[in-house]
Number of protein chains: 2
Amino acid sequence: MGREAAPAEREAIDPGDSASPDRSLRADAVRNRERLLVAAAAAFAAGGADVPLEDIARSAGVGIGTLYRHFPTRDALVEAVYRHEVDVLCERADELLTTLPPDQALAEWLQLFVRHVATKRGMLSALKSMMGADTSLFEQSRARAAAAATKLLAAGAAAGTVRGDIQGADLLRAVGGICMSTDQERSEASERLVGLLFDGLRHGAVAASPTAVTASSVSNISG
Amino acid sequence: MGREAAPAEREAIDPGDSASPDRSLRADAVRNRERLLVAAAAAFAAGGADVPLEDIARSAGVGIGTLYRHFPTRDALVEAVYRHEVDVLCERADELLTTLPPDQALAEWLQLFVRHVATKRGMLSALKSMMGADTSLFEQSRARAAAAATKLLAAGAAAGTVRGDIQGADLLRAVGGICMSTDQERSEASERLVGLLFDGLRHGAVAASPTAVTASSVSNISG
DNA sequence: GACTAAACGGAGGTAGCCTCCGTATACTAC
DNA sequence: GTAGTATACGGAGGCTACCTCCGTTTAGTC
(Lines give C-alpha, C1' and ligand atoms only; values in the text may rest on other atoms or scores of the structure.)
Protein backbone atom coordinates (compact mmCIF):
# COMPACT_ATOMS: atom_id res chain seq x y z
CA MET A 1 0.00 0.00 0.00
CA GLY A 2 2.78 2.43 0.88
CA ARG A 3 4.45 2.01 -2.43
CA GLU A 4 3.39 5.17 -4.12
CA ALA A 5 0.42 6.43 -2.22
CA ALA A 6 1.89 7.82 0.99
CA PRO A 7 3.87 10.85 -0.09
CA ALA A 8 1.39 12.05 -2.68
CA GLU A 9 0.12 14.81 -0.44
CA ARG A 10 2.67 17.55 -0.30
CA GLU A 11 2.91 21.15 -1.28
CA ALA A 12 3.06 21.23 -5.03
CA ILE A 13 5.95 23.25 -6.30
CA ASP A 14 4.33 24.61 -9.44
CA PRO A 15 6.36 27.64 -10.42
CA GLY A 16 3.79 28.46 -13.08
CA ASP A 17 5.56 26.43 -15.72
CA SER A 18 5.38 28.62 -18.81
CA ALA A 19 3.48 31.74 -17.87
CA SER A 20 6.17 32.74 -15.35
CA PRO A 21 8.82 30.02 -15.70
CA ASP A 22 10.58 30.83 -12.46
CA ARG A 23 9.19 32.93 -9.68
CA SER A 24 12.25 33.62 -7.54
CA LEU A 25 13.75 30.25 -8.34
CA ARG A 26 17.47 30.15 -8.16
CA ALA A 27 19.30 29.92 -11.46
CA ASP A 28 20.66 26.44 -10.85
CA ALA A 29 17.22 25.27 -9.82
CA VAL A 30 15.75 26.49 -13.09
CA ARG A 31 18.51 24.83 -15.03
CA ASN A 32 18.14 21.51 -13.25
CA ARG A 33 14.40 21.57 -13.61
CA GLU A 34 14.74 22.06 -17.33
CA ARG A 35 17.29 19.27 -17.57
CA LEU A 36 15.01 16.93 -15.70
CA LEU A 37 12.12 17.70 -18.00
CA VAL A 38 14.20 17.03 -21.08
CA ALA A 39 15.64 13.81 -19.70
CA ALA A 40 12.25 12.62 -18.51
CA ALA A 41 10.66 13.38 -21.86
CA ALA A 42 13.31 11.31 -23.61
CA ALA A 43 13.03 8.49 -21.10
CA PHE A 44 9.25 8.33 -21.21
CA ALA A 45 9.17 8.50 -24.98
CA ALA A 46 11.76 5.76 -25.30
CA GLY A 47 11.21 3.35 -22.47
CA GLY A 48 7.62 3.73 -21.43
CA ALA A 49 6.22 5.13 -18.24
CA ASP A 50 7.89 2.84 -15.72
CA VAL A 51 11.43 4.04 -16.16
CA PRO A 52 13.14 4.21 -12.77
CA LEU A 53 13.22 7.78 -11.58
CA GLU A 54 16.82 7.25 -10.59
CA ASP A 55 17.68 6.68 -14.24
CA ILE A 56 16.03 9.93 -15.22
CA ALA A 57 17.90 11.83 -12.53
CA ARG A 58 21.18 10.29 -13.61
CA SER A 59 20.68 11.02 -17.29
CA ALA A 60 19.79 14.58 -16.35
CA GLY A 61 23.01 14.82 -14.40
CA VAL A 62 21.34 15.60 -11.08
CA GLY A 63 20.83 13.70 -7.85
CA ILE A 64 17.69 11.79 -7.04
CA GLY A 65 16.98 14.26 -4.26
CA THR A 66 16.79 17.08 -6.76
CA LEU A 67 14.35 15.18 -8.86
CA TYR A 68 12.09 14.59 -5.89
CA ARG A 69 12.33 18.20 -4.77
CA HIS A 70 11.07 19.41 -8.12
CA PHE A 71 8.57 16.62 -8.72
CA PRO A 72 7.35 15.01 -5.52
CA THR A 73 5.53 12.22 -7.31
CA ARG A 74 5.89 10.36 -10.54
CA ASP A 75 2.61 11.79 -11.75
CA ALA A 76 3.84 15.30 -11.06
CA LEU A 77 6.80 14.63 -13.32
CA VAL A 78 4.70 13.13 -16.08
CA GLU A 79 2.31 16.04 -15.97
CA ALA A 80 5.12 18.58 -15.96
CA VAL A 81 6.73 16.88 -18.95
CA TYR A 82 3.46 17.01 -20.81
CA ARG A 83 2.88 20.66 -19.97
CA HIS A 84 6.45 21.48 -20.88
CA GLU A 85 6.18 19.86 -24.27
CA VAL A 86 3.05 21.83 -25.01
CA ASP A 87 4.81 24.96 -23.82
CA VAL A 88 7.70 24.38 -26.16
CA LEU A 89 5.36 23.71 -29.03
CA CYS A 90 3.47 26.94 -28.44
CA GLU A 91 6.65 28.94 -28.05
CA ARG A 92 7.94 27.60 -31.32
CA ALA A 93 4.85 29.03 -33.00
CA ASP A 94 5.90 32.53 -32.00
CA GLU A 95 9.52 31.93 -32.94
CA LEU A 96 8.61 30.61 -36.35
CA LEU A 97 6.40 33.62 -36.99
CA THR A 98 9.34 35.95 -36.45
CA THR A 99 11.76 34.05 -38.66
CA LEU A 100 9.62 32.78 -41.53
CA PRO A 101 6.76 33.97 -43.73
CA PRO A 102 3.46 33.06 -42.07
CA ASP A 103 2.56 30.22 -44.41
CA GLN A 104 5.92 28.56 -44.05
CA ALA A 105 5.78 29.08 -40.33
CA LEU A 106 2.44 27.31 -40.25
CA ALA A 107 3.73 24.45 -42.37
CA GLU A 108 6.75 23.99 -40.15
CA TRP A 109 4.70 24.16 -37.02
CA LEU A 110 2.26 21.54 -38.23
CA GLN A 111 5.17 19.19 -38.81
CA LEU A 112 6.39 19.91 -35.30
CA PHE A 113 2.96 19.08 -34.04
CA VAL A 114 3.03 15.73 -35.81
CA ARG A 115 6.29 14.86 -34.13
CA HIS A 116 4.91 16.11 -30.83
CA VAL A 117 2.01 13.67 -31.05
CA ALA A 118 4.33 10.86 -32.05
CA THR A 119 6.48 11.47 -28.99
CA LYS A 120 3.46 11.56 -26.71
CA ARG A 121 2.58 8.03 -27.73
CA GLY A 122 5.42 6.70 -25.61
CA MET A 123 4.07 8.27 -22.45
CA LEU A 124 0.53 7.27 -23.25
CA SER A 125 0.27 4.65 -20.58
CA ALA A 126 1.49 7.12 -18.00
CA LEU A 127 -0.92 9.79 -19.10
CA LYS A 128 -3.77 7.33 -19.32
CA SER A 129 -3.76 6.83 -15.58
CA MET A 130 -4.11 10.56 -15.04
CA MET A 131 -7.00 11.03 -17.42
CA GLY A 132 -9.56 10.51 -14.73
CA ALA A 133 -7.79 12.56 -12.10
CA ASP A 134 -6.91 15.62 -14.10
CA THR A 135 -9.07 16.23 -17.14
CA SER A 136 -8.44 19.97 -17.03
CA LEU A 137 -4.81 19.33 -17.93
CA PHE A 138 -5.75 17.99 -21.32
CA GLU A 139 -8.42 20.56 -22.01
CA GLN A 140 -6.05 23.39 -21.15
CA SER A 141 -3.32 21.95 -23.32
CA ARG A 142 -5.65 21.52 -26.26
CA ALA A 143 -6.88 25.08 -25.87
CA ARG A 144 -3.36 26.46 -25.78
CA ALA A 145 -2.27 24.50 -28.84
CA ALA A 146 -5.41 25.63 -30.63
CA ALA A 147 -4.61 29.24 -29.73
CA ALA A 148 -1.15 28.86 -31.21
CA ALA A 149 -2.60 27.37 -34.36
CA THR A 150 -5.13 30.19 -34.61
CA LYS A 151 -2.35 32.73 -34.34
CA LEU A 152 -0.44 31.14 -37.18
CA LEU A 153 -3.56 30.86 -39.31
CA ALA A 154 -4.45 34.48 -38.69
CA ALA A 155 -0.97 35.62 -39.68
CA GLY A 156 -1.19 33.60 -42.86
CA ALA A 157 -4.64 34.94 -43.64
CA ALA A 158 -3.49 38.50 -43.03
CA ALA A 159 -0.60 37.96 -45.42
CA GLY A 160 -3.00 36.51 -47.96
CA THR A 161 -1.14 33.23 -48.26
CA VAL A 162 -3.51 31.05 -46.24
CA ARG A 163 -7.27 30.87 -46.41
CA GLY A 164 -9.02 32.59 -43.57
CA ASP A 165 -12.05 30.46 -42.90
CA ILE A 166 -10.43 27.76 -40.80
CA GLN A 167 -10.38 27.64 -37.00
CA GLY A 168 -7.24 26.63 -35.15
CA ALA A 169 -9.11 24.03 -33.15
CA ASP A 170 -10.54 22.46 -36.31
CA LEU A 171 -7.13 22.34 -37.93
CA LEU A 172 -5.62 20.62 -34.92
CA ARG A 173 -8.48 18.18 -34.82
CA ALA A 174 -7.79 17.26 -38.42
CA VAL A 175 -4.05 16.92 -37.86
CA GLY A 176 -4.61 14.93 -34.70
CA GLY A 177 -6.94 12.63 -36.56
CA ILE A 178 -4.33 12.05 -39.21
CA CYS A 179 -1.73 11.22 -36.59
CA MET A 180 -4.02 8.80 -34.82
CA SER A 181 -5.08 7.01 -37.96
CA THR A 182 -1.63 6.40 -39.37
CA ASP A 183 0.71 3.76 -38.18
CA GLN A 184 2.61 3.94 -34.90
CA GLU A 185 6.27 3.95 -35.78
CA ARG A 186 6.59 5.72 -39.08
CA SER A 187 5.42 9.29 -38.73
CA GLU A 188 6.50 10.10 -42.29
CA ALA A 189 3.09 9.11 -43.53
CA SER A 190 1.53 11.57 -41.12
CA GLU A 191 3.90 14.28 -42.18
CA ARG A 192 3.05 13.76 -45.84
CA LEU A 193 -0.67 13.78 -45.20
CA VAL A 194 -0.40 16.90 -43.09
CA GLY A 195 1.57 18.51 -45.87
CA LEU A 196 -1.27 17.68 -48.19
CA LEU A 197 -3.70 19.23 -45.76
CA PHE A 198 -1.57 22.34 -45.67
CA ASP A 199 -1.68 22.63 -49.44
CA GLY A 200 -5.44 22.71 -49.07
CA LEU A 201 -5.07 25.57 -46.63
CA ARG A 202 -3.07 27.56 -49.15
CA HIS A 203 -5.40 26.75 -52.00
CA GLY A 204 -8.17 29.09 -50.93
CA ALA A 205 -5.87 31.93 -50.03
CA VAL A 206 -6.44 35.43 -51.35
CA ALA A 207 -3.07 35.50 -53.09
CA ALA A 208 -1.02 32.46 -54.00
CA SER A 209 2.22 32.20 -52.06
CA PRO A 210 5.42 31.76 -54.05
CA THR A 211 7.17 29.90 -51.26
CA ALA A 212 7.67 26.19 -51.67
CA VAL A 213 6.79 23.80 -48.90
CA THR A 214 8.91 20.71 -48.88
CA ALA A 215 6.72 18.02 -47.48
CA SER A 216 3.60 18.98 -49.38
CA SER A 217 4.67 18.12 -52.90
CA VAL A 218 5.58 14.51 -52.31
CA SER A 219 3.77 12.26 -54.75
CA ASN A 220 3.70 8.99 -52.86
CA ILE A 221 0.70 9.12 -50.53
CA SER A 222 0.26 5.39 -50.27
CA GLY A 223 -0.36 5.44 -46.53
CA MET B 1 13.02 -1.02 -16.42
CA GLY B 2 13.41 -4.43 -14.82
CA ARG B 3 10.71 -3.75 -12.29
CA GLU B 4 7.93 -5.80 -13.78
CA ALA B 5 8.95 -6.51 -17.28
CA ALA B 6 11.63 -9.15 -16.90
CA PRO B 7 9.77 -12.23 -15.67
CA ALA B 8 6.73 -11.75 -17.85
CA GLU B 9 7.79 -14.49 -20.25
CA ARG B 10 7.20 -17.82 -18.71
CA GLU B 11 5.07 -20.84 -19.34
CA ALA B 12 1.55 -19.88 -18.45
CA ILE B 13 -0.06 -22.29 -16.08
CA ASP B 14 -3.63 -22.03 -17.34
CA PRO B 15 -5.41 -25.10 -16.07
CA GLY B 16 -8.40 -24.26 -18.19
CA ASP B 17 -10.09 -22.25 -15.49
CA SER B 18 -13.75 -23.19 -15.74
CA ALA B 19 -14.14 -25.61 -18.60
CA SER B 20 -11.98 -28.16 -16.76
CA PRO B 21 -11.21 -26.47 -13.45
CA ASP B 22 -8.35 -28.77 -12.59
CA ARG B 23 -6.65 -31.06 -15.01
CA SER B 24 -4.72 -33.40 -12.72
CA LEU B 25 -4.14 -30.63 -10.22
CA ARG B 26 -3.66 -31.86 -6.71
CA ALA B 27 -6.49 -31.19 -4.29
CA ASP B 28 -4.54 -28.72 -2.17
CA ALA B 29 -3.44 -26.89 -5.29
CA VAL B 30 -7.03 -26.48 -6.40
CA ARG B 31 -8.01 -25.28 -2.96
CA ASN B 32 -5.20 -22.75 -2.73
CA ARG B 33 -5.83 -21.48 -6.19
CA GLU B 34 -9.43 -20.85 -5.33
CA ARG B 35 -8.48 -19.13 -2.10
CA LEU B 36 -6.08 -16.89 -3.93
CA LEU B 37 -8.70 -15.89 -6.45
CA VAL B 38 -11.18 -15.03 -3.73
CA ALA B 39 -8.64 -13.07 -1.72
CA ALA B 40 -7.37 -11.27 -4.79
CA ALA B 41 -10.88 -10.36 -5.89
CA ALA B 42 -11.57 -8.87 -2.48
CA ALA B 43 -8.26 -7.03 -2.41
CA PHE B 44 -8.61 -5.61 -5.89
CA ALA B 45 -12.18 -4.55 -5.32
CA ALA B 46 -11.31 -2.87 -2.03
CA GLY B 47 -7.85 -1.43 -2.37
CA GLY B 48 -7.30 -0.88 -6.04
CA ALA B 49 -4.93 -2.67 -8.35
CA ASP B 50 -1.64 -1.96 -6.59
CA VAL B 51 -2.20 -4.09 -3.51
CA PRO B 52 1.03 -5.88 -2.61
CA LEU B 53 0.88 -9.45 -3.79
CA GLU B 54 2.29 -10.48 -0.43
CA ASP B 55 -0.85 -9.13 1.23
CA ILE B 56 -3.05 -11.15 -1.08
CA ALA B 57 -1.08 -14.30 -0.36
CA ARG B 58 -1.28 -13.70 3.36
CA SER B 59 -4.99 -13.02 3.39
CA ALA B 60 -5.47 -16.17 1.34
CA GLY B 61 -3.48 -18.08 3.95
CA VAL B 62 -0.79 -19.26 1.54
CA GLY B 63 2.85 -18.41 1.00
CA ILE B 64 4.05 -15.94 -1.56
CA GLY B 65 5.69 -18.78 -3.46
CA THR B 66 2.35 -20.42 -3.95
CA LEU B 67 0.88 -17.26 -5.34
CA TYR B 68 3.69 -16.93 -7.84
CA ARG B 69 3.45 -20.58 -8.84
CA HIS B 70 -0.19 -20.16 -9.75
CA PHE B 71 0.06 -16.67 -11.20
CA PRO B 72 3.53 -15.83 -12.48
CA THR B 73 2.71 -12.18 -13.07
CA ARG B 74 0.39 -9.63 -11.61
CA ASP B 75 -1.49 -9.45 -14.87
CA ALA B 76 -2.01 -13.19 -14.83
CA LEU B 77 -3.65 -12.88 -11.45
CA VAL B 78 -5.84 -9.99 -12.50
CA GLU B 79 -6.94 -11.82 -15.59
CA ALA B 80 -7.63 -15.00 -13.66
CA VAL B 81 -9.71 -13.10 -11.12
CA TYR B 82 -11.72 -11.55 -13.89
CA ARG B 83 -12.27 -14.88 -15.63
CA HIS B 84 -13.15 -16.50 -12.35
CA GLU B 85 -15.77 -13.90 -11.53
CA VAL B 86 -17.37 -14.40 -14.89
CA ASP B 87 -17.22 -18.16 -14.34
CA VAL B 88 -18.99 -17.86 -11.02
CA LEU B 89 -21.61 -15.62 -12.54
CA CYS B 90 -22.34 -18.06 -15.33
CA GLU B 91 -22.41 -21.01 -12.97
CA ARG B 92 -24.91 -19.23 -10.78
CA ALA B 93 -27.22 -18.97 -13.79
CA ASP B 94 -27.42 -22.75 -13.97
CA GLU B 95 -27.82 -23.10 -10.22
CA LEU B 96 -30.61 -20.57 -10.09
CA LEU B 97 -32.42 -22.35 -12.89
CA THR B 98 -32.51 -25.56 -10.89
CA THR B 99 -33.74 -23.96 -7.66
CA LEU B 100 -36.13 -21.23 -8.81
CA PRO B 101 -38.81 -20.70 -11.43
CA PRO B 102 -37.20 -19.32 -14.59
CA ASP B 103 -38.46 -15.78 -14.21
CA GLN B 104 -37.30 -15.51 -10.63
CA ALA B 105 -33.99 -17.08 -11.59
CA LEU B 106 -33.55 -14.43 -14.26
CA ALA B 107 -34.45 -11.64 -11.85
CA GLU B 108 -31.97 -12.89 -9.28
CA TRP B 109 -29.28 -13.34 -11.84
CA LEU B 110 -29.66 -9.84 -13.18
CA GLN B 111 -29.15 -8.49 -9.67
CA LEU B 112 -26.04 -10.64 -9.36
CA PHE B 113 -24.83 -9.16 -12.59
CA VAL B 114 -25.30 -5.66 -11.25
CA ARG B 115 -23.17 -6.45 -8.24
CA HIS B 116 -20.64 -8.13 -10.50
CA VAL B 117 -20.20 -4.94 -12.48
CA ALA B 118 -19.99 -2.87 -9.31
CA THR B 119 -17.17 -5.07 -8.03
CA LYS B 120 -15.30 -4.85 -11.29
CA ARG B 121 -15.08 -1.10 -10.94
CA GLY B 122 -12.44 -1.53 -8.25
CA MET B 123 -10.13 -3.47 -10.53
CA LEU B 124 -10.77 -1.19 -13.45
CA SER B 125 -7.38 0.42 -13.42
CA ALA B 126 -5.74 -2.99 -13.44
CA LEU B 127 -7.88 -4.24 -16.26
CA LYS B 128 -7.43 -1.04 -18.22
CA SER B 129 -3.78 -1.75 -18.74
CA MET B 130 -4.60 -5.13 -20.22
CA MET B 131 -7.19 -3.87 -22.66
CA GLY B 132 -4.70 -3.36 -25.40
CA ALA B 133 -2.85 -6.59 -24.83
CA ASP B 134 -5.73 -9.00 -24.50
CA THR B 135 -8.93 -7.89 -26.14
CA SER B 136 -10.11 -11.44 -26.65
CA LEU B 137 -10.46 -11.79 -22.88
CA PHE B 138 -13.22 -9.23 -22.76
CA GLU B 139 -14.96 -10.45 -25.88
CA GLN B 140 -14.98 -14.02 -24.61
CA SER B 141 -16.31 -12.96 -21.24
CA ARG B 142 -19.08 -10.92 -22.77
CA ALA B 143 -20.04 -13.80 -25.02
CA ARG B 144 -20.17 -16.21 -22.10
CA ALA B 145 -22.27 -13.89 -19.99
CA ALA B 146 -24.57 -13.32 -22.94
CA ALA B 147 -24.93 -17.08 -23.35
CA ALA B 148 -25.94 -17.43 -19.72
CA ALA B 149 -28.46 -14.64 -20.11
CA THR B 150 -29.86 -16.27 -23.22
CA LYS B 151 -30.27 -19.52 -21.38
CA LEU B 152 -32.24 -17.85 -18.62
CA LEU B 153 -34.35 -15.93 -21.09
CA ALA B 154 -35.10 -19.06 -23.05
CA ALA B 155 -36.18 -20.92 -19.92
CA GLY B 156 -38.48 -18.09 -18.99
CA ALA B 157 -39.92 -17.91 -22.48
CA ALA B 158 -40.51 -21.66 -22.50
CA ALA B 159 -42.34 -21.36 -19.19
CA GLY B 160 -44.38 -18.52 -20.60
CA THR B 161 -43.36 -16.08 -17.88
CA VAL B 162 -40.89 -13.99 -19.85
CA ARG B 163 -41.27 -12.57 -23.31
CA GLY B 164 -39.34 -14.39 -25.95
CA ASP B 165 -38.19 -11.69 -28.33
CA ILE B 166 -35.16 -10.46 -26.41
CA GLN B 167 -31.58 -11.54 -27.02
CA GLY B 168 -29.27 -12.23 -24.11
CA ALA B 169 -26.65 -9.92 -25.51
CA ASP B 170 -29.16 -7.09 -25.84
CA LEU B 171 -30.36 -7.59 -22.30
CA LEU B 172 -26.84 -7.45 -20.94
CA ARG B 173 -26.11 -4.37 -22.98
CA ALA B 174 -29.09 -2.67 -21.40
CA VAL B 175 -28.16 -3.76 -17.91
CA GLY B 176 -24.56 -2.79 -18.44
CA GLY B 177 -25.66 0.61 -19.65
CA ILE B 178 -27.75 1.09 -16.54
CA CYS B 179 -24.83 0.17 -14.33
CA MET B 180 -22.48 2.53 -16.13
CA SER B 181 -24.87 5.45 -16.04
CA THR B 182 -25.73 5.31 -12.38
CA ASP B 183 -23.50 6.54 -9.63
CA GLN B 184 -20.38 4.74 -8.46
CA GLU B 185 -20.96 3.79 -4.86
CA ARG B 186 -24.65 3.15 -4.47
CA SER B 187 -25.64 0.24 -6.64
CA GLU B 188 -29.17 0.25 -5.22
CA ALA B 189 -30.23 2.63 -7.94
CA SER B 190 -28.94 0.20 -10.54
CA GLU B 191 -30.72 -2.67 -8.87
CA ARG B 192 -34.02 -0.79 -8.88
CA LEU B 193 -33.68 0.19 -12.50
CA VAL B 194 -32.78 -3.32 -13.51
CA GLY B 195 -35.81 -4.54 -11.61
CA LEU B 196 -37.88 -2.17 -13.66
CA LEU B 197 -36.33 -3.52 -16.80
CA PHE B 198 -37.17 -7.00 -15.69
CA ASP B 199 -40.81 -6.06 -15.21
CA GLY B 200 -40.77 -5.05 -18.81
CA LEU B 201 -39.45 -8.48 -19.71
CA ARG B 202 -42.36 -10.13 -17.95
CA HIS B 203 -44.91 -7.78 -19.40
CA GLY B 204 -44.93 -9.29 -22.85
CA ALA B 205 -44.91 -12.87 -21.64
CA VAL B 206 -47.38 -15.42 -22.94
CA ALA B 207 -48.84 -16.05 -19.47
CA ALA B 208 -48.54 -13.70 -16.51
CA SER B 209 -46.38 -15.09 -13.75
CA PRO B 210 -47.85 -15.19 -10.24
CA THR B 211 -44.45 -14.91 -8.58
CA ALA B 212 -43.53 -11.60 -7.04
CA VAL B 213 -40.15 -10.06 -7.69
CA THR B 214 -38.89 -7.98 -4.82
CA ALA B 215 -36.82 -5.29 -6.41
CA SER B 216 -39.20 -4.59 -9.27
CA SER B 217 -42.06 -2.96 -7.40
CA VAL B 218 -40.13 -0.19 -5.75
CA SER B 219 -41.76 3.14 -6.39
CA ASN B 220 -38.87 5.53 -5.90
CA ILE B 221 -36.90 5.59 -9.15
CA SER B 222 -35.40 8.99 -8.63
CA GLY B 223 -31.72 8.13 -9.12
C1' DG C 1 2.51 -48.18 5.24
C1' DA C 2 5.92 -46.75 1.85
C1' DC C 3 7.06 -44.18 -2.08
C1' DT C 4 7.16 -40.35 -5.18
C1' DA C 5 5.76 -36.62 -7.74
C1' DA C 6 3.54 -32.45 -6.84
C1' DA C 7 2.91 -28.54 -4.15
C1' DC C 8 3.95 -25.56 -0.28
C1' DG C 9 6.24 -21.73 2.07
C1' DG C 10 9.17 -18.23 3.23
C1' DA C 11 14.02 -16.61 3.57
C1' DG C 12 16.70 -13.80 1.04
C1' DG C 13 18.60 -11.33 -3.07
C1' DT C 14 17.45 -7.46 -5.97
C1' DA C 15 15.67 -3.10 -7.05
C1' DG C 16 12.86 1.02 -6.91
C1' DC C 17 10.90 4.54 -3.86
C1' DC C 18 11.53 8.30 -0.94
C1' DT C 19 13.65 10.98 3.03
C1' DC C 20 17.00 13.32 5.50
C1' DC C 21 20.69 16.18 6.35
C1' DG C 22 25.45 17.69 5.58
C1' DT C 23 27.50 20.28 1.81
C1' DA C 24 27.67 23.54 -1.93
C1' DT C 25 26.22 27.56 -4.28
C1' DA C 26 23.56 31.52 -6.01
C1' DC C 27 21.95 35.80 -4.56
C1' DT C 28 22.17 40.19 -1.49
C1' DA C 29 24.10 43.83 1.08
C1' DC C 30 27.82 46.46 1.97
C1' DG D 1 35.35 42.03 -3.69
C1' DT D 2 33.72 39.87 0.52
C1' DA D 3 30.74 38.11 4.01
C1' DG D 4 26.38 36.23 5.16
C1' DT D 5 22.36 33.63 4.31
C1' DA D 6 18.63 31.48 2.19
C1' DT D 7 18.17 28.24 -1.26
C1' DA D 8 19.26 24.13 -3.65
C1' DC D 9 22.07 20.02 -4.38
C1' DG D 10 23.30 15.13 -3.83
C1' DG D 11 23.38 10.58 -2.50
C1' DA D 12 23.59 7.33 1.40
C1' DG D 13 20.44 4.63 3.57
C1' DG D 14 16.02 2.80 5.24
C1' DC D 15 11.87 0.82 3.63
C1' DT D 16 9.15 -2.07 0.95
C1' DA D 17 7.67 -4.86 -3.01
C1' DC D 18 9.08 -8.11 -6.37
C1' DC D 19 10.48 -12.63 -7.49
C1' DT D 20 13.42 -16.96 -7.05
C1' DC D 21 15.15 -20.94 -5.08
C1' DC D 22 15.22 -24.92 -2.52
C1' DG D 23 14.38 -27.59 1.71
C1' DT D 24 10.11 -29.38 3.65
C1' DT D 25 5.47 -31.13 3.47
C1' DT D 26 1.67 -33.63 1.58
C1' DA D 27 -1.67 -35.78 -1.69
C1' DG D 28 -2.20 -39.62 -4.42
C1' DT D 29 -0.77 -44.48 -5.65
C1' DC D 30 0.47 -49.27 -5.08
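Looking at B:L96 and B:L112, their side chains come closer than 4.5 Å, going by heavy atoms from C-beta outward.
B:T150 is linked by a side-chain contact (heavy atoms from CB on, under 4.5 Å) to nothing, counting only residues two or more places apart in sequence or in another chain. Shown here are the side-chain contact (heavy atoms from CB on, under 4.5 Å) partners of A:A29, two or more places apart in sequence or in another chain: A:L25, A:R26, A:H70. In this structure, the side-chain contact (heavy atoms from CB on, under 4.5 Å) partners of B:A41, at least two apart in sequence or on a different chain, are B:V81, B:E85. Take B:R35 and apply the salt bridge (charged side-chain N to carboxylate O under 4.0 Å, His left out) test, not counting sequence neighbours, and it matches no residue. For A:V88, the side-chain contact (heavy atoms from CB on, under 4.5 Å) criterion is met by A:H84, A:R92, not counting sequence neighbours. With sequence neighbours excluded, the residues satisfying salt bridge (charged side-chain N to carboxylate O under 4.0 Å, His left out) with A:R58 are A:D55. A:E54 is linked by a salt bridge (charged side-chain N to carboxylate O under 4.0 Å, His left out) to nothing, counting only residues two or more places apart in sequence or in another chain. Shown here are the side-chain hydrogen bond (donor to acceptor under 3.5 Å, both in side chains) partners of B:Q167, two or more places apart in sequence or in another chain: there are none. For A:R173, the salt bridge (charged side-chain N to carboxylate O under 4.0 Å, His left out) test picks out A:D170, with sequence neighbours left out.
Note: CG (A:L67) to P (C:dT19) measures 12 Å, nearest angstrom. Going from atom CZ of A:R33 over to atom P of D:dT7 covers 18 Å, rounded to whole Å. Rounded to an integer number of Å, the gap from CD1 of B:I56 to P of D:dC19 is 12 Å. Summarising the geometry, the separation between OH on A:Y68 and P on C:dG16 is reported as 11 Å, rounded to the nearest angstrom. Spacing between atom CD of B:E34 and atom P of C:dA7 amounts to 16 Å, rounded to whole angstrom units. Rounded to whole Å, atom P of D:dT16 lies 17 Å from atom CG of B:L53. We find that CG of A:L77 is positioned 14 Å from C1' of C:dC18, with the value rounded to whole Å. For the pair A:F71 CZ and C:dC18 P, the interatomic distance rounds to 15 Å; values are reported in whole Å.
In terms of modelled atom types and a separation under 3.5 Å, the side chain of A:W109 and the main chain of A:D94 share no donor-acceptor contact.
For B:N32, a side-chain nitrogen or oxygen approaches OP1 or OP2 of C:dC8 to under 4.0 Å. Residue A:H70 has no polar side-chain atom (N or O) positioned under 4.0 Å from OP1 or OP2 of D:dA8.
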Check nucleotides 11-14 of chain D for protein N or O atoms closer than 3.5 Å to its own N or O atoms and list the pairs.
residue, atom, partner, partner atom, Å
D:dG11, N7, A:G65, N, 3.3

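Helix bend of the helix from C:dG1-D:dC30 to C:dC30-D:dG1: the angle between its two end axes, each built from five pairs, comes to 10° after rounding to 10°.
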Inset, instruction - Assign a letter to each nucleotide of nucleotides 23-30 of chain C from its 5' end: B, base within under 4.0 Å of a protein heavy atom; S, sugar-phosphate only; -, no contact. - result: --BSS---

